Amino acid sequence: KVLIDVPRSDLAEELAQSETKVQVLQDTLQQVLDRREEERQSRQLLELYLEALKTEDSILSKVAEPEAAARKEMDVVDTGTSSTDTSATTALSDQVLAALKEKPAPELCLDSQDLELVLKADAAALASALGWDKQKAGALQEACDQELSKRLKQVQTLHSLRSTSKGKKTLP
């Protein structure tokens, strides 16, 4: 990442190479980084897809249960979510804080659940925990919000693709 950001002329001088060779090197490094990011996003998308399948199967199995039992189970799920919300506001894990401090684009390294925790955290408390000013912490939360929105759109696209593919019956 650092080599890509260095001005070509400086890098060419340091490596004793022509600027065109350095440009090829930087372009190749950028392609490798782009490919790795695409692979990471593909893996994450696949994980979300598999998680969605499990959730869908779980919901389908609950449909067979009586309505009252299904409502009760949904209440338990809702309660679990709200208790997670309260614990999320108390503190972020040391691992998440370390990633936020050390990574140049931490929103790309965190899973969706951690992104939600960062978004729910108070900006002042987040800034204090990271040793940053409130504006930098706010910018981080905005980046996390954008990344989470992008991931949710990917999940919606997956659901759309899945429903489209379910509608088409293939012949044996």
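Everything numeric here is computed off the predicted structure, so don't read it as measured data. Computed from heavy atoms alone, side chains included, the values below leave out hydrogens, waters and symmetry copies. Numbering starts at 1 and runs along the sequence shown.
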- Can you establish whether the number of heavy atoms outside Glu39 located under 6.0 Å from its atom CD is more than 12?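 Buried by this count: over 12 neighbours within 6.0 Å.
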- Verify the neighbour count for atom CG of Asp94: are there more than 12 heavy atoms of other residues, nucleotides or ligands below 6.0 Å?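 Atom CG in Asp94 is not crowded, with 12 or fewer foreign heavy atoms closer than 6.0 Å.
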- Message: Assess whether a salt bridge exists between Glu147 and Lys150, defined as any Lys/Arg side-chain N lying under 4.0 Å from an Asp/Glu carboxylate O.
- Response: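 So Glu147 pairs with Lys150 through a salt bridge.
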- Task: Using a strict 4.0 Å threshold on nitrogen-to-oxygen distance, state whether Arg40 and Glu37 make a salt bridge.
- Result: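 A salt bridge is present here (some side-chain N lies under 4.0 Å from a carboxylate O).
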Hydrophobic clustering (ILVMFWY, side-chain heavy atoms < 4.5 Å, transitive) - are [Y] and [X] grouped together?
X: Leu33; Y: Leu108; answer: no
X: Leu48; Y: Leu119; answer: no
X: Leu53; Y: Leu45; answer: yes

Examine distances only and state if a side-chain atom of [X] and a backbone atom of [Y] form a donor-acceptor pair shorter than 3.5 Å.
X: Gln26; Y: Pro7; value: no
X: Gln23; Y: Arg8; value: no
X: Thr157; Y: Lys153; value: yes

- Message: Could you go through Asp34 and Gln30, starting from their C-alpha distance and side-chain angles, then the distance that decides it, and tell me whether this counts as side-chain hydrogen bond (donor to acceptor under 3.5 Å, both in side chains)?
- Response: CA-CA 6 Å; Asp34 291 346; Gln30 184 63 53; 2.8 Å; yes
- Do you know the tightest heavy-atom contact between Arg151 and Asp111?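 Minimum heavy-atom contact is NH1-C, 3.3 Å.
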- Query: Do Leu100 and Leu110 touch side chain to side chain, with heavy atoms closer than 4.5 Å?
  - Reply: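 In contact.
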